[in-house]
Structures are given as structure tokens and as C-alpha cells.
J.: 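A single structure is presented below for examination.
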Amino acid sequence: MWARAVWLGLRASAGGRRGFPSKAAHQGSRRVTAELIEHLERLALVDFGSQEAVARLEKAIAFADRLRAVDTDGVEPMESVLEDRCLYLRSDNVVEGNCAEELLQNSHRVVEEYFVAPPGNISWPKLDEKEPFSHR
Amino acid sequence: MLGRTLREVSAALKQGQVSPTELCQRCLSLIKKTKFLNAYITVSEEVALKQAEESEKRYKKGLSLGDLDGIPVAVKDNFSTAGIETTCASNMLKGYVPPYNATVVQKLLDQGALLMGKTNLDEFAMGSGSTDGIFGPVKNPWSYSKQYREKRKQKSHGENEDSDWLITGGSSGGSAAAVSAFTCFAALGSDTGGSTRNPAAHCGVVGLKPSYGLVSRHGLIPLVNSMDVPGILTRCVDDAAIVLGILAGHDPKDSTTIQDPVKPFTLPSLTDVSKLCIGIPKEYLTPELSSEVRSLWSKAANLFESEGAKVIEVSLPHTSYSIVCYHVLCTSEVASNMARFDGLEYGHRCDTDVSTEAMYAATRREGFNDVVRERILSGNFFLLKENYENYFVKAQKVRRLIARDFVNVFNSGVDVLLTPTTLSEAVPHTEFIREDNRTRSAQDDIFTQAVNMAGLPAVSVPMALSSQRLPIGLQFIGRAFCDQQLLTVAKWFEKRVQFPVIQLQELMDDCSSIFENEKLASVSLK
């Protein structure tokens, strides 16, 4: 587990790469705070794992910041290249199914026809309450 | 026999010159011999032999199912295959056996193709080198080719021959290597940002990305729903067209497939290109482009012009923002798609049982590698409420501008665009890993990802060998749903450039007869 120290500015990692502006990188570094890290880890339920990973996120954000230079006034967002067509919808008839046994086979914890989950009413611990993951 | 085209082998099977079982066994034996390439994660030997047996029965009765009956194929390991482990080269799905076939896999099987195995890839198809999966990297067969080896000997320092092996490109590197090394006649890949075309260019094979909406994604473990397309890798353009003809078409299980009727087609042999207009996007001439690729690109343009085609320079003004836009949209969709992996219904599950969230977190930490986790986290960043407008929606708007750029160019009379596929030839693994996955992807996808954002069809065709005797491919981009026209042009080009066959003799002792000039009894095609 890495120590979550406060960052004092971004490493000039963006400057040496071809095509990546270092100016934007500095804007990014101010955004990646310890709170943000915790927030993202909680939303995604995956962890950064190391300081290098956080640095790479900062680079990724800096990279994405280049979009600001594009003039998108009056442009609608594009969700799909097939936006001019209608999605196909099947008629609501049951034509297949009855494969519970097959599907249950892929799960590690099953009781009769239920997938078993641990209790869902225990919230994800806050940063200071957290124990490091125990590996067996 | 293994070096022949699909149509030739199919004819040979029909005429009884070779049997499906023989073909299957030769491919299996070659797979074993080329195991060091690490192209396959799972070799489905028993399944393939059984399929071969059934194919043989059909041929004996004269009831073959079509051009693919009895033909060995391979499938990238992010396509679901019933009863055969499907891992996506990730710990998250190691041991996962899907209960169903992806539609494209089912279509191949329905045509009697023999499934040789599941090929290696970057974990969850994230990467441009096929180096980041849990089963290890895939090695480019050209590292072991006579052409490359001889060239290296000229300047050798007597070092270990294998230490500097080359990457295949990615993320469908296993499929590209499998086809390039003659272990199958066609392979399925997936293409989200160039994942089929990139390794095709590095491995000297044809890599086709069909139009978005033409081929079903049902069963393809999704990365970016609005850009993913199953890709086709073969040794020649004709073969790619045959496979596309079988795979294309509406699938009721994938509502993003178009409903227009699609029929298999035969590619005409174009002789007159005078009515063709080829566009050369000037923004693709970047400083990072290697001089060799640049000169081959120029040579190709001149080739078309000298044969009477109209070759014009065009502009895709938003090109420099395309890779950034792709990066934002891709990570955002990935963040959403990867949320399904929680350990409950399938896949890896950790031992922690304290709470649902703790279990999810530990499972995902154990199941995903750094690359996947980082993309999920980046994606979540862009989707945060405070960032949604400025990043995600902004990227969607830029996507429209990029798609519009292409539409404008095609509306101005251009039929097909000609661009490089990659910045350079395949690089040694040791060099590739000096940069992290995201940086590499951003560099290597530069010519290929805009096509995914616009949903257009594109194909990488090998053109020539570099000064190091490694393959370099060029990319053709067509209008949406004009895949047939695109492939027709590609076929014309392929015939003109006569890309050399890879010489892997040294590795194939008793298979050497396959590669030397076989005097086959003349095989009549239809």
C-alpha cells in the first residue's frame, strides 16, 4: 500500500513526450487531490495501487485537456454513428431461456438458484477507517 | 497447402485433394511447432478434429456448406465460445466458460469452419502491442523469418537471436500471428481503435475493420459499445471478403446491426481505376511518421495515379484532436462496461466476504491489471458530474466534427482514402515496453482510431518490406457500408504490390514442402 502523501506539482513527464503539451499538464496536477483519488476509487471500486498510477492519471487528464482548443459551438454531441437510423427492437416474446443451471455454473457462490452476495448494507469504509487489503 | 488462399483450399477440399482432417492436423501440428509465438491461449484440438470429421462426411456426400467448410480458423479470446474457456487474457475471466457462442463465431461454425483455438491479446483488448495480457506477450512471426534473420546477420553482434523479438502490434496480435504463421486461414479480431489493422500491418496480413453496424457484436466482450467492431484477419483481400460475406448482416440479438439486407459478394477484379478518386489526408503526414512508411505511402499514391486514378490531397481538419477525443470516449465507455465484473455471476471472485462493496473492490483489484484499472479510473474521472460537460460531452461533440470531416471528404467525390496504418514497422519488445500502455496506444492508434469514431470501414493491406525486411501495411478507408467497394480497391492494390510471402522454412522441418513451390495438380476454381 502506498502512502497517500500530498503532491507538490506534477513531474515534468508530459514535457519530454512528442506532442504532449506540458502547459496543460500543470493544470491537471492541481485537480488530482487525495479526496479525488478516494472518490474515484470508491466510484470505480478499483484502486490506483501506486503513485505512478496517479501520475499516469494526471497525464491522461492533461492529454484530455487538449480538447478545450476545439470550437464546438452549436455542435450536438454524437452518441452513435447510426443516429439517423432506428434501433431494432425484437417483439416481446419469450423464445429462449430455462438455462438457470448453465448460468449458475459460472458463479463461485451459489445457493439453490441464488447467486450469493455478501451483505450489501455495509458501506465502503472511509479513507482513515480503512484497513489495508488482507491477502491470504 | 497451408499457404494457399481460402478459395483454393476450398476447391482442393471439394476435389478431394486434401481432407478436412488432414488440413486440421497439419494446422494443429504447426500450432505446436510455433508455440513459442504465444499466439494461442487455448488450442481446441478435440473440438477441431471433431468438426473436421463432420466436415469430411459432408464433403464425401458432396454436401459442403460453402467456402468455409473444413477451413481452420482462429478466434480472438474476447469472443464468447460455448464450452471453450474465454479469458480476454485477464485474471478476471480466467476459467470462465461461456454458455453461448458469439454470433460471429456461430456463423463461422454454421459454415463448417474448424475452430483451432482462441488467440492471445492485450488484457481486455486494451493496448497496441499484445504485450499486456496475463498469458504473456505475442511474438511477431516475422522475428523468425528468413528475410529478417538474414538482414540481421549482416549487422549481427553475435547476440542471442531470440532476445530482441518483435511485437505483433495489438490488441489482436494473437490472431494476426496465427494467420501470419499459417496456423489458420482466417482469424477473428476486434477493432475499437485499430486493434485489427495495427497487428495486421506489423504481421504482414490483411486486417479488415467492417463498417460499424454491419457485423454483430453479440458475444464480443465489449470495450466501447459505440466503436467496437469484430475484425477479420486473412492472408489476402479475397479471403477477407469471403469471411465478411458470411459474417455481415442483421442480428436480432444486436440491435446496433443495421437491418438492410446483406448478401455475400465476390470481389470483381478491377482493371480500370480511371474512375476512382483516392484521397490523401494531409494531416496524416505527421513528424512521427517514419521515413520508410512515408515513402511507401507516396509510392502507393503514385501507383494509383500512374494507372489513371485521380489522386488528390484532402483535409480532415480535426485529425490532431481525434486521438484525444478517442481517449476520453474510450475510457468513459470502458469505465461503464467494466462495471459488470463484480465476481458475483461469473469470473473471478475474491475471498473477502465482509460486504458487497469490499468484495467487489478486492475482486476487481485482483482480476484487472494496471492498464485496465487505470482506464476505468480515467473514465470515471471524465464522467464525474463536474467533468461530464467539459470532457465527455465535449468529446462527443468533437466526435461529430471528426465524423463530419470524413463525410465532407467523401461528399467531395473521393471514393477511398489512402493512409498509413502504423507509424513504423514492428519494433522490438524491449523498445516497446519503455513507454506505458496509454502512451503507446496514443502513439500507435493515431491513424486508425478516427475510423472507429466515424464508424467507417477500413482495411490494412501489406505493401512491402522495410529496409529491415519487416512488413509495412497501408490503410484504405471507405464510405460507410461501402465495404465491397473498399475491398475491391484493396484487392487491386494488393495485386499490384505483390507483397512477399513470409519465409519460415527454418522452423518447419518436415512441413517445408508446404512452402516451397508446390507443383500441385492444377486446382480448378469453380
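Every value quoted in this text rests on a predicted model; they were computed, and no experiment measured them. Basis for what follows: all heavy atoms, side chains included, without hydrogens, waters or symmetry-related copies.
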J.: Checking A:Q105 against chain B: side chain, backbone, both or neither under 4.5 Å from a heavy atom?
T.: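 No part of it gets close to chain B.
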J.: Does any N or O in the side chain of B:H327 come within less than 3.5 Å of the main-chain N or O of A:A60, such that one atom is a donor and the other an acceptor?
T.: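 Yes, because the side chain of B:H327 sits within donor-acceptor range (under 3.5 Å) of the backbone of A:A60.
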J.: Look up atom CD in A:E96 and atom OH in B:Y100, then write down how far apart they are to the nearest 0.5 Å.
T.: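 With rounding to 0.5 Å, CD (A:E96) is 11.0 Å from OH (B:Y100).
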J.: Just by distance, with hydrogens left out, do B:D254 and A:Y88 show a side-chain donor and acceptor under 3.5 Å apart?
T.: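 No, no side-chain donor-acceptor pair sits under 3.5 Å.
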J.: From A:R66 CZ over to B:C325 SG, what is the distance, rounded to the nearest 0.5 angstrom?
T.: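 The distance works out to 12.0 Å.
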J.: Is the backbone of B:K253 close enough, under 3.5 Å, to the side chain of A:R90 for a donor and an acceptor to pair up by distance?
T.: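 No, because the side chain of A:R90 does not come within donor-acceptor range (under 3.5 Å) of the backbone of B:K253.
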J.: Apply side-chain contact (heavy atoms from CB on, under 4.5 Å) to the pair A:V81 and B:R399, showing each step before the final yes or no.
T.: CA-CA 9 Å; A:V81 296; B:R399 182 178 182 177; 3.5 Å; yes
J.: Quick check for you: to the nearest 0.5 Å, what is the distance between A:S50 atom OG and B:R373 atom CZ?
T.: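 So the OG of A:S50 and the CZ of B:R373 are separated by 8.0 Å.
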J.: Against chain A, label B:H348 side chain, backbone, both or neither, depending on which of its atoms sit under 4.5 Å from a heavy atom there.
T.: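 Only the backbone of B:H348 comes within 4.5 Å of chain A.
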J.: Quick check on the interface: out of B:T286, B:L384, B:T257, who has the most heavy-atom pairs with chain A under 4.5 Å?
T.: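 The candidate making the most pairs under 4.5 Å is B:L384.
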J.: Is A:L89 in contact with chain B via its backbone, its side chain, both, or neither, using a 4.5 Å heavy-atom distance?
T.: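 For A:L89, there is no contact with chain B at all, as no heavy atom is under 4.5 Å.
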J.: Which one of A:P119, A:A69, A:A117, A:C99 has the most heavy-atom pairs closer than 4.5 Å to chain B?
T.: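 Looking at each of A:P119, A:A69, A:A117, A:C99 in turn, A:P119 comes out on top.
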J.: Quick check for you: among A:I122, A:L104, A:L103, which has the greatest number of heavy-atom pairs under 4.5 Å with chain B?
T.: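 Highest number of pairs under 4.5 Å: A:I122.
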J.: Evaluate side-chain contact (heavy atoms from CB on, under 4.5 Å) for B:T439 paired with A:K59, printing each intermediate quantity in order.
T.: CA-CA 9 Å; B:T439 311; A:K59 267 165 70 175; 3.9 Å; yes
J.: So which of B:D370, B:V354, B:L383, B:V328 has the biggest tally of heavy-atom pairs under 4.5 Å with chain A?
T.: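 Of the candidates given, the most pairs with chain A belong to B:V354.
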J.: Measure A:E101 against the heavy atoms of chain B and call it side chain, backbone, both or neither at under 4.5 Å.
T.: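 Contact with chain B involves no heavy atom of A:E101 at all.
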J.: With a distance cut-off below 6.0 Å to the six-membered ring centre and an angular limit of 45° from the axis, does A:R85 pair with B:Y212 as a cation-pi contact?
T.: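 Geometry flag: not set, cation outside 6.0 Å or 45°.
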J.: Let me know if A:L40 has heavy atoms under 4.5 Å from chain B in its side chain, its backbone, both or neither.
T.: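 A:L40 touches chain B through backbone and side-chain heavy atoms alike.
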J.: Restricting to non-hydrogen atoms, name the atom on B:N380 and the atom on A:A44 that form the minimum distance, rounded to 0.1 Å.
T.: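 Scanning both residues, the minimum pair turns out to be ND2-CB, 3.0 Å.
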J.: Let me know if B:N437 has heavy atoms under 4.5 Å from chain A in its side chain, its backbone, both or neither.
T.: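 Nothing of B:N437, per the 4.5 Å heavy-atom cut-off to chain A.
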J.: How many angstroms lie between CG in A:L67 and CZ in B:F392, if you round to the nearest 0.5 Å?
T.: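 Interatomic distance, A:L67 CG to B:F392 CZ, rounded to 0.5 Å: 12.0 Å.
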J.: Given heavy-atom pairs under 4.5 angstrom as the criterion, report whether the side chain, backbone, both or neither of B:A403 touches chain A.
T.: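 Only the side chain of B:A403 comes within 4.5 Å of chain A.
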J.: So which atom in B:T256 and which in A:L82 form the shortest heavy-atom distance, rounded to 0.1 Å?
T.: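 It is O-CD1, 3.2 Å.
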J.: Name the member of B:G367, B:S355, B:P98, B:P287 that forms the most heavy-atom pairs with chain A at distances under 4.5 Å.
T.: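 The answer is B:S355.
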J.: Determine the minimum heavy-atom distance between A:P118 and B:T356, stating which atoms define it.
T.: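 That would be O-OG1, 3.0 Å.
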J.: Please indicate whether A:E79 has more than 12 foreign heavy atoms, meaning atoms of other residues, nucleotides or ligands, lying under 6.0 Å from its CD.
T.: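 Open.
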J.: With A:P77, which of B:E389, B:Q396, B:K394 fulfils side chain to side chain contact (heavy atoms under 4.5 Å, CB included)?
T.: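 Passing option: B:Q396.
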J.: Measure across B:L344 and A:F115 and return the closest heavy-atom pair with its distance rounded to 0.1 Å.
T.: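 Heavy atoms of B:L344 and A:F115 come nearest at O-CD2, 3.6 Å.
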J.: Going through the distances and angles, do A:R109 and B:R349 end up as a side-chain contact (heavy atoms from CB on, under 4.5 Å)?
T.: CA-CA 9 Å; A:R109 216 155 296 183; B:R349 179 174 175 149; 3.6 Å; yes
J.: Working to the nearest 0.5 angstrom, can you tell me the gap between A:F63 CZ and B:R438 CZ?
T.: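 One gets 6.0 Å once the value is rounded to the nearest 0.5 Å.
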J.: Can you tell which part of B:S320 gets under 4.5 Å to a heavy atom of chain A, answering side chain, backbone, both or neither?
T.: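 Backbone of B:S320 only, per the 4.5 Å heavy-atom cut-off to chain A.
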J.: Under 4.5 Å from any heavy atom of chain A, what part of B:Q259 do you find: side chain, backbone, both or neither?
T.: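 Contact with chain A is through the side chain of B:Q259 alone.
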J.: I'd like to know if the side chain of A:N106 reaches the main chain of B:V97, judged simply by a donor and an acceptor atom lying under 3.5 Å from each other, with no hydrogens or angles considered.
T.: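 Yes, because the side chain of A:N106 sits within donor-acceptor range (under 3.5 Å) of the backbone of B:V97.
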J.: Which bit of B:V393 comes within less than 4.5 Å of chain A, counting heavy atoms only: side chain, backbone, both or neither?
T.: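 For B:V393, the contact with chain A is made by backbone and side chain together.
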J.: How far does NE2 of A:H108 sit from SG of B:C350, to the nearest 0.5 angstrom?
T.: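 One gets 10.0 Å once the value is rounded to the nearest 0.5 Å.
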J.: Checking A:V116 against chain B: side chain, backbone, both or neither under 4.5 Å from a heavy atom?
T.: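 Just the backbone, heavy atoms under 4.5 Å.
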J.: Heavy-atom pairs under 4.5 Å with chain A - which of B:G379, B:S226, B:G347 has more of them than the others?
T.: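 Of the options given, most contacts go to B:G347.
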J.: Sort B:I323 into side chain, backbone, both or neither according to what part of it lies under 4.5 angstrom from a heavy atom of chain A.
T.: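 Both parts, heavy atoms under 4.5 Å.
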J.: Heavy-atom cut-off 4.5 Å, strictly under: side chain, backbone, both or neither for B:M453 against chain A?
T.: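 Backbone only.
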J.: Sort B:Y326 into side chain, backbone, both or neither according to what part of it lies under 4.5 angstrom from a heavy atom of chain A.
T.: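 Neither the backbone nor the side chain of B:Y326 comes within 4.5 Å of chain A.
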J.: Counting only non-hydrogen atoms closer than 4.5 Å, does A:D71 touch chain B with its backbone (N, CA, C, O), its side chain (CB onward), both, or neither?
T.: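 Just the backbone, heavy atoms under 4.5 Å.
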J.: Do other residues, nucleotides or ligands put more than 12 heavy atoms under 6.0 Å from A:E113 CD?
T.: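 Not buried by this count: 12 neighbours or fewer within 6.0 Å.
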J.: Carefully, step by step, assess A:I61 and B:Y391 under the rule side-chain contact (heavy atoms from CB on, under 4.5 Å).
T.: CA-CA 9 Å; A:I61 297 171; B:Y391 289 95; 3.7 Å; yes
J.: What verdict does the salt bridge (Lys or Arg N to Asp or Glu O under 4.0 Å) test give for B:R400 and A:E83, after you've listed the backbone C-alpha separation in whole Å, the side-chain angles of each residue and the deciding distance to 0.1 Å?
T.: CA-CA 11 Å; B:R400 182 178 294 284; A:E83 58 189 2; 2.8 Å; yes
J.: If I measure from the heavy atoms of chain A, does B:A454 come under 4.5 Å with its side chain, its backbone, both, or neither?
T.: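 When you check distances to chain A, only backbone atoms of B:A454 fall under 4.5 Å.
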J.: Could you pull out the closest heavy-atom pair between A:L45 and B:R364, with the gap in Å?
T.: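 Minimum heavy-atom separation between A:L45 and B:R364: O-NE, 3.3 Å.
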J.: Who wins among B:G213, B:A395, B:P252, B:G455 for the most heavy-atom pairs under 4.5 Å with chain A?
T.: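 Top count of heavy-atom pairs under 4.5 Å with chain A: B:P252.
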J.: What do the steps show when you test A:R56 against B:D436 for salt bridge (Lys or Arg N to Asp or Glu O under 4.0 Å), and what is the final call?
T.: CA-CA 9 Å; A:R56 285 196 284 267; B:D436 68 78; 5.1 Å; no
J.: Decide yes or no for B:H318 and A:V70: does some side-chain heavy atom of the first lie under 4.5 Å from some side-chain heavy atom of the second?
T.: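 Side chain of B:H318 against side chain of A:V70, heavy atoms only: contact under 4.5 Å found.
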